[in-house]
Amino acid sequence: SAVISQKPSRDICQRGTSLTIQCQVDSQVTMMFWYRQQPGQSLTLIATANQGSEATYESGFVIDKFPISRPNLTFSTLTVSNMSPEDSSIYLCSVTWTSRGETQYFGPGTRLLVL
Amino acid sequence: AQSVAQPEDQVNVAEGNPLTVKCTYSVSGNPYLFWYVQYPNRGLQFLLKYITGDNLVKGSYGFEAEFNKSQTSFHLKKPSALVSDSALYFCAVSPRYGNNRLAFGKGNQVVVIP
């Protein structure tokens with residue numbers, strides 16, 4: 001079965017700094033998404049990562065705070081910029097494959113703590 | 001706008017007893033419906049989905065879910081719960097036409113008591 005990996009798996013960062021999270025898939029995917037799961041909360045969609053073009057952001061999320069890249073069909077990055085303690089969350093990428101229809105499959109997540 | 005409600009915070013069930021986790025949704029048209037499970041310090045694992053056809057769908061680990069259009073519900077069930085089923089369960093919905101954007105419920109913590 002296909003593997004979705006994320007780096008780093010966890011990190012502790014100082015406020016005001018930025019962290020880039022990578023999502024790598026071992027086969028070409030149709031769509032890639034980034035979600036945030038705040039402590040004790042459900043998942044909230046941040047944006048859809050579009051290959052070769054700007055990401056599509058959900059209401060409440062902006063490119064300056066969460067720049068996203070997707071240079072090819074297997075890789076995407078999410079940067080959390082100018083971090084504050086409120087950014088402490090689990091960040092997850094998800095992907096879909098044409099062969100598997102509309103189901104999203106999730107990476108293991110990146111656990112971020114901002115001090 | 002699409003939304004998902006999981007009315008219970010925690011579901012406690014004795015091992016061997018039937019397990020039910022409730023989910024209702026609000027979305028225009030006929031949605032796609034999903035259940036995911038999250039074990040501690042792990043990502044989300046796909047359990048099952050309803051796309052079309054038979055209202056009863058079967059998924060991984062002995063789980064099944066019943067789609068009820070009139071009640072806009074998609075309850076998750078397992079006939080006999082195991083201690084290893086203790087986890088956080090999320091119901092999710094996406095519109096049938098669109099870019100697969102998922103809306104999640106708040107999640108239900110399931111505790112299976114030995």
Side-chain angles (χ1 to χ4, degrees), chain A residues 1-10 21 23-25 29-51 53 55-61 70 89-98 100-113, chain B residues 1-10 21 23-25 27 29-53 57-60 63 65 74 87-109:
Chain A
S1 60
V3 175
I4 307 167
S5 60
Q6 286 186 232
K7 290 181 180 179
S9 59
R10 59 179 63 228
I21 302 167
C23 179
Q24 177 74 57
V25 192
V29 300
T30 311
M31 304 189 74
M32 299 184 80
F33 303 89
W34 286 98
Y35 289 82
R36 180 176 72 182
Q37 186 179 18
Q38 293 176 299
Q41 303 294 316
S42 185
L43 281 80
T44 301
L45 179 62
I46 298 172
T48 303
N50 300 309
Q51 193 258 328
S53 65
T56 304
Y57 290 84
E58 297 299 305
S59 176
F61 298 96
R70 187 182 170 190
S89 296
I90 301 172
Y91 292 87
L92 300 103
C93 69
S94 71
V95 305
T96 64
W97 285 276
T98 302
R100 303 191 193 184
E102 47 291 302
T103 303
Q104 290 186 30
Y105 294 87
F106 285 80
T110 295
R111 190 177 295 269
L112 172 62
L113 177 63
Chain B
Q2 51 195 26
S3 65
V4 179
Q6 294 181 244
E8 299 159 314
D9 289 328
Q10 182 165 308
V21 188
C23 172
T24 59
Y25 64 90
V27 65
N30 297 316
Y32 297 137
L33 298 160
F34 303 85
W35 276 100
Y36 289 86
V37 60
Q38 187 176 38
Y39 297 99
N41 300 313
R42 303 268 296 275
L44 262 69
Q45 296 182 27
F46 167 71
L47 275 179
L48 51 78
K49 66 182 177 184
Y50 173 80
I51 302 299
T52 188
V57 294
K58 296 184 183 298
S60 307
F63 283 95
F74 190 55
L88 191 54
Y89 291 80
F90 290 98
C91 181
V93 60
S94 72
R96 187 165 290 268
Y97 303 105
N99 68 348
N100 298 99
R101 292 159 61 242
L102 279 175
F104 282 85
K106 67 177 183 178
N108 285 128
Q109 183 66 49

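Each chain gets a letter, A, B and so on, in the order the sequences are listed, and its residues count up from 1.
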Non-neighbouring partners of B:Y50 that pass ring pair (Phe, Tyr, Trp, His ring centres under 6.0 Å), sequence neighbours left out = B:F67
Polar side-chain atom of A:S42 near backbone of B:G105 as donor-acceptor pair, under 3.5 Å | yes
Where does A:T48 contact chain B at under 4.5 Å (heavy atoms): side chain, backbone, both or neither?
-> side chain
Which distance, rounded to the nearest 0.5 Å, do you find between the OG1 of A:T103 and the NZ of B:K49?
-> 3.0 Å
Do A:Y35 and B:L102 touch side chain to side chain, with heavy atoms closer than 4.5 Å?
-> yes
Could you list the residues that satisfy ring pair (Phe, Tyr, Trp, His ring centres under 6.0 Å) with B:Y89, not counting sequence neighbours?
-> B:F63
Below 4.5 Å from any heavy atom of chain A, which atoms of B:Q38 appear? Answer side chain, backbone, both or neither.
-> side chain
For A:Y105, the option from B:Y36, B:F34, B:F46 that meets ring-ring contact (aromatic ring centres under 6.0 Å, His included) = B:F46
State, with a plain yes or no, whether a side-chain heavy atom of A:Q37 is found less than 4.5 Å away from one of B:F90.
-> yes
Okay, A:Q6 and chain B: the region with an atom under 4.5 Å from a heavy atom over there is neither
Minimum heavy-atom distance A:F106-B:L44, with the two atoms named = CB-O, 3.7 Å
Side chain, backbone, both or neither of A:L92 within contact of chain B (heavy atoms, under 4.5 Å) | side chain
